[in-house]
2 protein chains.
Amino acid sequence: MNKLTDRQKIILSLVVHEHTRTAQPVASKTLINEYTLKISSATVRNEMNTLTELGFLRQPHTSAGRVPTEEGYRYFVSNMVQHTALPSATRNTISHHFYQSRKGLEYWLPLAASVLANNSQAVSIVTAPHSEKVTFKHLELIATRASQVLMVLVLVGGEIQQQIISLDVIRSQEQLSNIAAQVNRVCENTSLDQIKSLPATPDPLLNQVLTAVIDQMSLASKLVTGELYSDGLTNVLSEPEFSDYNPEYSPLRLLEERSLLDDLIARTVLTEEIGGVQVLIGGENTWQELQNCSVILTRYGVEDQLSGALGILGPMRMPYSQTIGTVRYVAELMSGLVSDNLVD
Amino acid sequence: MNKLTDRQKIILSLVVHEHTRTAQPVASKTLINEYTLKISSATVRNEMNTLTELGFLRQPHTSAGRVPTEEGYRYFVSNMVQHTALPSATRNTISHHFYQSRKGLEYWLPLAASVLANNSQAVSIVTAPHSEKVTFKHLELIATRASQVLMVLVLVGGEIQQQIISLDVIRSQEQLSNIAAQVNRVCENTSLDQIKSLPATPDPLLNQVLTAVIDQMSLASKLVTGELYSDGLTNVLSEPEFSDYNPEYSPLRLLEERSLLDDLIARTVLTEEIGGVQVLIGGENTWQELQNCSVILTRYGVEDQLSGALGILGPMRMPYSQTIGTVRYVAELMSGLVSDNLVD
DNA sequence: ATTAGCACTCTCGAGAGGAGAGTGCTAAAT
DNA sequence: ATTTAGCACTCTCCTCTCGAGAGTGCTAAT
């Protein structure tokens, strides 16, 4: 696979850079003008020809410059994007944002989305972290009106679920607190399966509450990741990739149809260890919606406990090196924050 | 203001309808061909001329048909959209969705957004309901790791806030529950101001918790409405109104910059009683972002207790009658659901 | 007050032509 | 054997023109 000569690699990378910058097909002459190459345009043309035959470049028409193909981008990203860290100025700006934000995931998630969007000129995707194993932490029952009860369920990891339960009989807050205390005693740090296999209880209220708990926990166990935060839509609306095509296959469906995003996350980053950044270029023949787009995704959080996905969706023509660096850095920050605030 | 003749009104409304249907300038001849009018095209032309002088229609160029102006749409909406109810089939389809959904605001909000988007071919906007007066309902403190405590605060209305507090000393869950019980005894159904004016306490832990409660409640009191749910972006991306213009003034900024939306909500529906539907056409000289767009917004929930805003954002050229009906109906449904599940 | 008829205006699309950009190839140079 | 200069060739893109067609405004007749 890696059978390009050094010179071919340089030319491919220059074409990618130049095309990213100008959005135009790149001519051999442009290359030797803009960059200091010690070879002539004719040589560049010959090499471009080879790269075209290899499938890494293509010509929009006979007498136009070259544009990288999907394969070209893929080769570029896997072989030539050196994982240099982000400039420290950028890192500081980003971490500063987190530092001066209010504390709490509910602030960090939209902040991460905003930072990613602003540093990438693409659409950001951030999902709230979620624990693979759903474990009971704490239950609270709060009397509201008449026989309605607000049930608040806290899971290990810190996710909070709420549900309104209608009882057959009106109960006092004391009675409710009593039941909640019983449930807490039995269930703390207990997994869904364990709770399911608890012996039946004669108390109908306790029964109803346990059923509701099991119901909520089952629901949570089916989630791939938590809520979606996104930002930077206006960054890409002017890009033809996002507005021209068939609305049936708009890449923005990824933001609106949760099942699409979940599928994408499940099939890429969820199978990876935290820390690895995945780059999907042009849908990889699997996601039709992503033609002409690229997705950079990674997983963040604490391995085996609480993790979410974060990254960006942008036109295929994007500054991969910088964007990958940003995604990686934001994920590192978020992992640290999640880890420091783990509820276990 | 209402000085149009009946015939002029008819012609204006036909132009609006036809333009909505075809997105093209409407010719006098088209009108008498498509609709059964007992007047000639020349008469229509004369009337169109008058309507143009009055500012309700305009010509894209000399020899083109007419297009409604902002003023034209405004006149049409205020004087000629009769508030006929939605067809019962549509109503049934919509209510069916709510009926077979899981119960809980967290399901109804995205559902409302989805229903609005699908029935309007526009972008939907739904904000979670929020209570104007922030009132304490219930507090829970949950020991996590070492000296970290997860504080869960429930407000009257059912909003749940969470925060992680770091204590100086490690406390047992008993001690924490004890403190929470104390706070609950003192604060239940108490307003922010009342809590603020509570006498100081010697207990440092109690003090820290109360400070955190006040902090969270202050934050809540500054919200205009809750979280934003939106759907149907792909509906409008192909519309030139949404992709052509300067990204600085894209109408979609309304979805990304919460301050814009809050301003819009505060200055329109929040001042109205629940039930009134507001139609903003073309930004009304106030919101530059909304040029060529219209926003239909209404407030839903329970007056003086818990209310949010919902509606749609679409191109100015839209089927107002149907869309207004949909927005009103969804708001009615949501008001009912909020009312049935009020936590007070 | 309404309408038929007609001249006038403007857009839109097709077609032509020329400039320019960029290539591929060939033959010479290294 | 590789690189390069030179050049013919191709294709796009812009502009211009021109004619067809759509739709109007005006005038004179009903």
Side-chain angles (χ1 to χ4, degrees), chain A residues 3-12 14-69 72 240 244 317, chain B residues 3-12 14-69 72 240 244 317:
Chain A
K3 54 190 168 199
L4 295 194
T5 67
D6 283 353
R7 196 169 64 187
Q8 286 167 337
K9 287 190 191 179
I10 289 171
I11 289 177
L12 175 57
L14 291 182
V15 171
V16 168
H17 270 116
E18 191 64 14
H19 180 63
T20 304
R21 213 170 57 78
T22 62
Q24 297 294 322
V26 181
S28 54
K29 213 171 156 190
T30 316
L31 240 41
I32 55 165
N33 284 347
E34 295 293 315
Y35 306 90
T36 38
L37 296 181
K38 53 190 192 327
I39 50 179
S40 76
S41 66
T43 312
V44 174
R45 276 201 293 281
N46 283 333
E47 294 289 35
M48 279 177 158
N49 214 333
T50 317
L51 287 167
T52 305
E53 277 161 20
L54 290 172
F56 294 136
L57 297 180
R58 69 184 172 84
Q59 286 181 287
H61 57 264
T62 326
S63 78
R66 298 307 207 289
V67 166
T69 59
D244 271 10
R317 163 179 67 75
Chain B
K3 53 191 169 198
L4 295 194
T5 66
D6 283 352
R7 195 168 65 186
Q8 287 167 337
K9 287 189 191 178
I10 290 172
I11 289 176
L12 175 56
L14 291 182
V15 171
V16 168
H17 269 116
E18 191 63 15
H19 181 63
T20 305
R21 213 170 57 78
T22 61
Q24 297 293 323
V26 181
S28 54
K29 214 170 153 190
T30 317
L31 240 41
I32 54 165
N33 283 346
E34 295 291 317
Y35 305 90
T36 38
L37 296 180
K38 54 189 190 330
I39 50 179
S40 75
S41 66
T43 312
V44 174
R45 277 201 294 281
N46 284 333
E47 294 289 36
M48 278 178 158
N49 214 332
T50 317
L51 287 167
T52 305
E53 276 160 21
L54 290 172
F56 293 138
L57 297 179
R58 71 187 169 81
Q59 287 181 286
H61 58 265
T62 325
S63 77
R66 300 305 207 288
V67 166
T69 60
D244 272 10
R317 166 180 65 75

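The chains referred to below are lettered A, B, ... by the order of the sequence lines, with proteins before strands, and numbering in each begins at 1. This structure is a prediction, so every number in the text was calculated from the model and none was measured.
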So which one's nearest nucleotide on DNA chain C is more toward 5', A42(A) or P25(A)? P25(A)
S41(B) vs T30(A), nearer the 5' end of DNA chain C by closest nucleotide: S41(B)
For [N] and [X] - does any side-chain N or O of the residue sit under 4.0 Å from the phosphate oxygens OP1/OP2?
| X | N | answer |
| --- | --- | --- |
| R7(B) | dT2(C) | yes |
| S63(B) | dT9(C) | no |
| Q24(B) | dA22(D) | no |

T69(A) and R58(A) side chains, donor-acceptor separation under 3.5 Å: no
In whole Å, what is the span from the [atom1] atom of [X] to the [atom2] atom of [N]?
| X | N | atom1 | atom2 | answer |
| --- | --- | --- | --- | --- |
| L51(B) | dT24(D) | CG | C1' | 15 Å |
| Q59(A) | dC9(D) | CD | P | 18 Å |
| H61(B) | dG25(D) | NE2 | P | 12 Å |
| N33(B) | dG23(D) | CG | C1' | 13 Å |
| M48(B) | dT3(C) | CE | C1' | 16 Å |
| R45(A) | dG22(C) | CZ | P | 11 Å |
| L31(B) | dG23(D) | CG | P | 12 Å |
| Q8(B) | dT2(C) | CD | P | 11 Å |

Which of the following nucleotides, [options], is nearest to the side chain of [X]?
| X | options | answer |
| --- | --- | --- |
| R66(A) | dT2(C), dG24(C), dG23(D) | dG24(C) |
| N46(B) | dT11(C), dT3(C), dG25(D) | dT3(C) |
| I39(B) | dT3(C), dC10(C), dT23(C) | dT3(C) |
| T43(A) | dT3(D), dG24(C), dG23(D) | dT3(D) |

Closest non-hydrogen atom pair, P25(A) against V67(A): CA-CG2, 3.8 Å
Can you see which heavy atom on V16(B) is nearest to which on P68(B), and at what distance? CG2-CG, 3.9 Å
Taking atom types as they are modelled, is there a donor-acceptor pair under 3.5 Å from the base of dC11(D) to the side chain of T62(A)? no
Counting any heavy atom closer than 4.0 Å, what does N49(A) reach on the DNA or RNA strands: base, sugar-phosphate only, or nothing? sugar-phosphate
d(L54(A) CG, E47(A) CD) to nearest 0.5 Å is 10.0 Å
Less than 4.5 Å apart, side chain to side chain, heavy atoms only: is that true for R7(B) and I39(B)? yes
